[in-house]
Structures are given as structure tokens and as C-alpha cells.
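Structure record follows, encoded as C-alpha cells.
Here the structure is a predicted model, which means the values were calculated and not measured.
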Amino acid sequence: MHVETRLRFDNFVVGSANRLAVAAAHAVAEAPGTVYNPLFMYSSSGLGKTHLMSAIGNQVMVKHKGLVVDFVTLDDFVEELHAAIAAGESEKFKERYLQVGVLLIDDMQFLTGHRETQSELLRIFNALTADGRQIVMTSDRPPSEIADVDARLLTRLAGGLIVDISAPDYETRMAILRAKCEERGVRFRAGVVDEVGRLEFKNVRELQGALNRLIAFQTLGGEQIEPEAVLTILGDLAEQQVQPARPRPSGEFQSFLTDIASAVAQHVEQWQTRLTEAIAYWNSEGYRTGALERVLNGSAAPASVESVLRAFEADVTKLRELEQQLLRLDKELAAHPSFHDPDRLREAEQLLERALRTASPPPGPSAAFTRAGFEVSGSNQLAVRAADAIVSVPASRYNPLFIHGPSGVGKTHLLNAVGNGLMEATNGGVACVPAQLFVDELIAALQEGTVDRWRARYRAANALLLDDVQFVAGKERTQEELFHVFNALHSDGKQLVFASDRAPRELTGLEDRLRSRFEGGLVVEMQSPDRALRERLYARFLRDSGIEPTGEMVSYLAERAVSSVREVIGTVNRVVASAEVAAVPVTLGFMRAQLEPDEGATSRAAAMRTAADTYFLDAEKIVWHWPDASARLIEEPR
């Protein structure tokens, strides 16, 4: 993996809960290998560990261009080690990491049970630290609480700096909320953001999820939110105790940021020098630098040399990711020169797309479920508006979108309709998969030893839509793989949509790291059809069956409460099938006779005689239905 370029110090909000970790991260980025080595940061999920570690990597790549920075999750490290052992290339594996100047390892809590990995890590740590190379690690718990870890490795970890990140305090929550509102161009009435800030969220993802819900309500509802309505709108997200606002420290927070900004400013170089150094570095890495050379040779200085360098680095990062994906499918094609030329990024993407198409892409959405065929009312309006919003601008507003509701209310229809819309918006490559199929495919890939290819199929998708996600709860390996696929697609700006019969917080057996990511987007509920929706559905399904309904018929049917759209379809099918068997037209009287079973046989027969046109009443052919099966007259024998 490579460092996510958009996770930097300048967009990380600093507060009392993370100030020590930020200060340590800055110190490490300024002078890798000389202070706090190794640096071990831990916190619960969603508090910014990965962001802060990525910020270190990005800062090092800017200020220390000669150093190789490698970002890897412990899961990926374990897989690489096992693959190297299987191929008899253990020494080659070790040599690869000994070339790294700054090694960033995420999710160290997964060391438990990996004794062989611990031994290899210990050897690599000893070699890197002895050579003055920097190591940074993150975990959801301190080293002493990671079960079954070699005591020698624990000693090495404790020899640097171990620092925790706590849940954001009121001031930090307010700073994060205001920054996110400014970033997204959203304005609320005075007092709305303060109401959200007073809620003690456990992590930043939950805080962002609450803000997303308010933004969705205001944007999709078309009305400004009042402060007193915030708790009602947030509902289950507002279960935390509301705390009174505490006064901000007098100037301390701002002074801290100012000191950092001043220190960084002292190291800014002239733009020509920066570009020249970047060109030399990337050439040494084997990449063509035409884009940077054009800026350097231009007649005027760029508006921001940092933007130019970040854009180029982002393209290189993308090329590396594409190359890694293609290596799993076609090593020969991965050697194509386009993978080392940012100017040919689109060509490299097309090569990967071609390879993935031939490697059986994931299932796409069903063309039978269209947006035009989805009826809307108050019971599903918010979910539909959110779905329309992400189709119009994928991955920029509600990512992920999590839709939940009871069985049969139309979640699958809406999910596939979103998938069809995204197929047009993203030029295809949309994976729309039932969760059970996702699980079955993974099991098959594990049996066949093709997990890498299975991962590549999903990570290459332009969007992932997973239906019935409740079925991944309790399945550890599936959740682990979904976690990594989620991160890969989300960091690439790909849209994710999930559907479930329950909200994320109600899914028992769902890991916190997945739950926090689901709640970090927009969670919306679809309810059982209300009367308005039932009227539209009955009218539509009757017409689809060749029956033109009257207003009285629709009104009568809509009075009957149902829990799902399937019940509506079942009712229509029952009425239509009974009319076909009886060879009579469908009328209001006939409907009553079929749907009110407590009426006697006489009233039913009378209703059919009243409903039927006498022209069609043929005593030899008509079939009469009587409650007692033994008394039914099927056909008069001749």
C-alpha cells in the first residue's frame, strides 16, 4: 500500500485529546529516526490514528525526498511474509523492508496468534532502528494489551514513545464540525452545530455521521434546520448525554497551531528548486516527469508548487496501485511503460480494466430494477433522495450510504436502481452483490487459492453495492476482507452503498471498525409502505396485470395495512388469479369477496354473480368455489 496523499497535517484537527500524538508525529516527520523510534500510537477506531500516520508519511516525502516511505497494514505484512515463505524467498522479503527509510505499520493489534510474524518483525525492527530508520505503528490498544506477543518485541515497542489518542473533547468536536461544514460549503442556522458539538461521540466517524444526517435532512428536505430540532433529527445518534459547553483555553490551541505553521514556513524552498529536486527523485524511481518539466520550463511560476507536486504524486500513487492490481492478473502486461508515466495514467487504467474484464468482473446491478419504476412516498423519501444525490455526484456527498428497513420494503430495488444509475455515471464497473454471494465467493477463492484475484475484482470496481449486509455479521474473515475493500475503494473516491434489515448499531457480531465506517456516511431508514405509497403500488400492479383500477378499488385496497411491498404484490396476484379462474372481471365487489374471508359462501357467490357479465355465465363451464372442498363442483360429468 501507499500513503493516502489527502491525509496530511494541515487537514488534521488538533485538540487536547490528540495534542501529544500530533506533537510526536511532527517531531518524527521533521527528523525521522532520531526521536521517538519507534513511535506507537493507539486509540479506539475512528479517532485519527491512520490519518496521523499518513500525515507523517506525506510530510517525510515532501521534506526528505531521499527516504523511501512504506505504508503497510499488519494483515498485508502477514500475507507478504506467508507468500515469501511459500515461494522460498524469505531473505528477499527481509531485504525489501531493509531498504525502507520510514516504515508505517497500521493495525498492530492483529499480531495476536502470529508468532512467526512477530519473530520476523523483531528482526526487521532491530535492523531498521540500528541503522537509524524510523518505525511508526498504530493499534486499537497499547502494546501491553495485545495478547500473545513476544516479550522481546514488547520491549522494543516500549523503547520508543507510546502515546494514546482519546475521544475528541467539546472544542475539538466543534473545530471538526466547522471545518467539515466549510469544506462542504454547508451553512446551518446559529446554534445547530453547537447542539451537535455538545454530544459526546466516541469517535470522529460517528461525529461525521451525525453531521451527514443533518446535511442530508437540510439539503434533501429543502428547509433550514432549527437548533431545537437537532436531537429529534439525529434520533439514535443522539443517545449520548448532552454536555454543557466548556470554555476554550485562552489562546493555547491557536498558539500551538501557529508555532507549527511557523516551523514549517521556515523550511519552504523556492519553487524552481522544489521542482528540480522532485524531477530528479522521480526519475531515480523510474518515472517519467513530463508533467513537472512542463511546469518548470513554463514562463510563469505555478500558483502553488505544493499542489503541482501533490497532483503528480497522486498520479504516481495511482499508477503503483494499478500496477500492483495488474501484477496479480498478468505480470507481462504489468511491465507496460504506461505504468511509469503519469501522462499515460488513463492508458494504464484501460489496460487494467481490460485485464479485469477477462478475469470475470463482479456481478452488476439487475436491469429489471430501475429508478423510474420505484414509487416514492413519505415512508422512503429520504432514502430515495439520498440515492438520487449520489447518482448525480458519486462519492462526493454520502459515502457510504447505508439503507436499512424491514424485509420487502424495496431496499433491493433501490440498491439496484442506484447501481444502474452509477453504471451510466461511472462508465460501468459497478459491483452490486448480495452479501451471501460475497461470502460464498470468498470461501471459493480461499479453497482455490485465488484470494488475490478475488480482491482485485472488487478493488477495481468503480462502485460497490452490497445487499443484505447483515449476513456478514459474525463472519470474521469476510468482515476483514470487506474492511480492506471498503478502505481501498473509499480512499480512491469510489461510491459505496449498503442495505440491511437493521441499522449498523443493531447488527450483533459486526466489528466496530466496520460499524464506525458504515456510520461515518449517511444512514437512512425505509419504512413499511404508507397509505400514499400503497395507493400508487396497487394502481401500478393492477395496470401491469391488465386491469384498469377505479379510484374506489384503489382506495379500498390501500385501506389494508401491509408491512411490505411483497404483500401488495401478493394481494394483487390473489385477486387477479381468482378472477381468471372464475372467468369474471375484477370489480370492487369481487375484491371484497376475495379479501374478506369471514363472509359466507352465499355472499361470495352472490358477489360473483353481481360482478359477472351474464354473457359469460355458462353453466357448463363456470367453476364455483365453495369453502368445503368435498362439496366443490368441478365439472358435471356427461
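Salt bridge Asp388/Arg371: present, at least one basic N to carboxylate O contact under 4.0 Å. Classification of Arg320 and Glu323 as a salt-bridged pair fails, no side-chain N sitting under 4.0 Å from a carboxylate O. Of the charged side-chain nitrogens involved, none lies within less than 4.0 Å of a carboxylate oxygen, so that Glu519 and Arg205 do not count as a salt-bridged pair. Using a cutoff of 4.0 Å between basic side-chain nitrogens and carboxylate oxygens, Arg515 and Asp512 are scored as salt-bridged. Arg534 has no carboxylate O lying under 4.0 Å from a charged side-chain N of Glu559, or vice versa, which leaves the two without a salt bridge. A salt bridge is defined here as a Lys NZ or Arg NE, NH1 or NH2 lying under 4.0 Å from an Asp or Glu carboxylate O, and Arg178 with Glu182 fails to meet this definition.
The side chain to side chain contact (heavy atoms under 4.5 Å, CB included) test with Val497 is passed by exactly one of Leu415, Asp467, Leu414: Leu415. Only one option out of Glu480, Glu79, Glu441 pairs with Arg455 in a salt bridge (charged side-chain N to carboxylate O under 4.0 Å, His left out); it is Glu79. Screening Phe498, Phe471, Tyr458 for a ring pair (Phe, Tyr, Trp, His ring centres under 6.0 Å) with Phe438, the sole residue that qualifies is Tyr458. No option in Val193, Val192, Asp194 other than Val192 meets the side chain to side chain contact (heavy atoms under 4.5 Å, CB included) test with Pro227.
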Show your reasoning for whether side chain to side chain contact (heavy atoms under 4.5 Å, CB included) applies to His404 and Met526. CA-CA 6 Å; His404 69 94; Met526 290 177 64; over 6 Å; no
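Using modelled atom types and a 3.5 Å distance limit, the side chains of Glu424 and Asn420 yield no donor-acceptor pair. Using modelled atom types, one finds a donor on one side chain and an acceptor on the other under 3.5 Å when comparing Ser407 with Arg566. Judged purely by distance below 3.5 Å, without hydrogens or angles, the side chains of Arg531 and Ser379 never pair a donor atom with an acceptor atom.
Closest of all the heavy-atom pairs between Ser45 and Arg513 is OG-CA, 3.7 Å.
In Lys475, the NZ atom is crowded: over 12 heavy atoms of neighbouring residues, nucleotides or ligands sit closer than 6.0 Å.
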